[in-house]
Amino acid sequence: LLASILLGAACGGSSSPTAASLNVVQVGGDWNGTMTLTSVDGGECVGAAYATSVGSAQPFTGTVKQNGATLSATIVQYGFGCSYTGTAAADAVELTSTFCDAIQLSLRCPNGPERDMHVVVKTMNGSLDGGAFTGSFSETWNVFEGGTENKVGTLVLKGTFTGHRP
């Protein structure tokens, strides 16, 4: 994921960035907010367990470090954190994670079997509007029979988020 940075040529033919190209949304710092699940796809029996949470808002906290357009972040939800990297543009932020503190999540499906979930990728795409950081998220997880490496499905969760500085 790359932010587009417009380069302008100076009178002398230089390709130095213009002052306007250095304007990126400033999202560095601490954030608190909610994530609302809007859709669940697949996941074998795990999908049915998550489907009961569609429409409910769950709290998150986050810390974003920013160096120009380059971002790194830790987002904590459900008691574990995920590390994100990404970019900021003049009006948008894109974050991607492939690593979380919890290497695997385990849960019991509504019909009984135990399942383990391993994160594949998580994304957050949003913008800053006034003091609110809003946008959408997507999470993809591989689902395995509990205690094995026998993959039984892929779970995709999508939703929206709203964050505010504390």
Side-chain angles (χ1 to χ4, degrees), residues 1-5 24-54 56-109 113-128 132-165:
L1 300 172
L2 299 173
S4 297
I5 297 179
V24 296
V25 65
Q26 298 300 305
V27 294
D30 294 330
W31 293 90
N32 295 325
T34 57
M35 292 184 176
T36 302
L37 186 63
T38 59
S39 72
V40 176
D41 186 37
E44 204 241 1
C45 65
V46 173
Y50 273 93
T52 63
S53 296
V54 169
S56 66
Q58 299 297 320
F60 76 88
T61 61
T63 300
V64 179
K65 293 180 182 177
Q66 183 167 5
N67 183 5
T70 302
L71 305 174
S72 62
T74 300
I75 307 295
V76 178
Q77 188 179 28
Y78 303 114
F80 70 93
C82 295
S83 299
Y84 288 77
T85 58
T87 56
D91 61 354
V93 172
E94 296 179 342
L95 294 168
T96 301
S97 174
T98 57
F99 177 78
C100 295
D101 293 343
I103 295 171
Q104 99 181 9
L105 298 177
S106 297
L107 65 92
R108 185 158 307 280
C109 290
E114 183 85 17
R115 295 293 183 248
D116 296 333
M117 297 170 39
H118 299 222
V119 69
V120 176
V121 66
K122 298 175 80 165
T123 62
M124 295 178 77
N125 298 301
S127 61
L128 196 61
F133 180 35
T134 61
S136 62
F137 71 86
S138 177
E139 301 181 3
T140 301
W141 297 79
N142 285 332
V143 180
F144 299 87
E145 287 181 0
T148 76
E149 290 299 317
N150 184 25
K151 184 177 172 186
V152 294
T154 301
L155 175 68
V156 177
L157 306 173
K158 292 185 180 182
T160 60
F161 68 87
T162 301
H164 299 276
R165 296 182 192 272

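Computation of the quantities below employed the complete heavy-atom set of this structure, encompassing side-chain atoms and omitting hydrogens, waters and symmetry-equivalent molecules. In this text, all values refer to a predicted model and were calculated from it rather than measured experimentally.
Expressed to the nearest 0.5 Å, how far CG of Leu37 lies from CZ of Phe137 amounts to 5.5 Å. Separation of atoms CZ (Phe60) and CG (Asn32) is listed at 7.5 Å; rounding is to 0.5 Å. Atoms CE and OG, from Met35 and Ser56 in turn, are 13.0 Å apart once rounded to the nearest 0.5 Å.
Around the CG atom of Asn150, the shell of radius 6.0 Å holds more than 12 heavy atoms that belong to other residues, nucleotides or ligands.
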Distance-only donor-acceptor hits, side chain of residues 155-165, under 3.5 Å, sequence neighbours excluded:
unit_1	atom_1	unit_2	atom_2	d
Arg165	NH1	Gly28	O	2.7
Arg165	NH2	Gln26	O	2.9

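For His118, the ring pair (Phe, Tyr, Trp, His ring centres under 6.0 Å) test picks out Phe144, with sequence neighbours left out. For Thr52, there are no side chain to side chain contact (heavy atoms under 4.5 Å, CB included) partners at least two apart in sequence or on another chain. Not counting sequence neighbours, Ala92 has no partner by the side chain to side chain contact (heavy atoms under 4.5 Å, CB included) test. Residues forming a side chain to side chain contact (heavy atoms under 4.5 Å, CB included) with Ser106 (at least two apart in sequence, or on another chain): Gln104, Glu114, Asp116.
Using a 4.5 Å heavy-atom threshold, the side chains of Ser97 and Val121 count as separate. Counting only heavy atoms from C-beta outward, the side chains of Asp91 and Ser127 never approach each other to under 4.5 Å. Proximity of Glu139 to Tyr50: side-chain heavy atoms (C-beta onward) are nowhere separated by under 4.5 Å.
Considering every non-hydrogen atom in both Val40 and Gly47, the closest pair reads CG1-O, 3.5 Å. Nearest heavy-atom pair, Val64 versus Trp31, reported as atom, atom and distance to 0.1 Å: CG2-CD1, 3.9 Å. Between Thr34 and Ala57, the closest heavy-atom pair is CB-CB, 3.9 Å.
Using a distance-only test at 3.5 Å, with no hydrogens or angles considered, a donor-acceptor pair links the side chain of Gln66 to the main chain of Val27.
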Show your working on side-chain contact (heavy atoms from CB on, under 4.5 Å) between Val54 and Ser39 and close with a plain yes or no. CA-CA 6 Å; Val54 169; Ser39 72; 6.0 Å; no
Determine, step by step, whether Leu105 and Tyr78 satisfy the side-chain contact (heavy atoms from CB on, under 4.5 Å) criterion, reporting the C-alpha distance in whole Å, the side-chain angles of both residues, the deciding distance to 0.1 Å, and the verdict. CA-CA 11 Å; Leu105 298 177; Tyr78 303 114; over 6 Å; no
Stepwise, does the side-chain contact (heavy atoms from CB on, under 4.5 Å) test hold for Lys122 with Cys100? CA-CA 10 Å; Lys122 298 175 80 165; Cys100 295; 3.9 Å; yes
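Annotation: salt bridge (charged side-chain N to carboxylate O under 4.0 Å, His left out) contacts involving residues 25-52, sequence neighbours excluded, comprise Glu44-Arg115.
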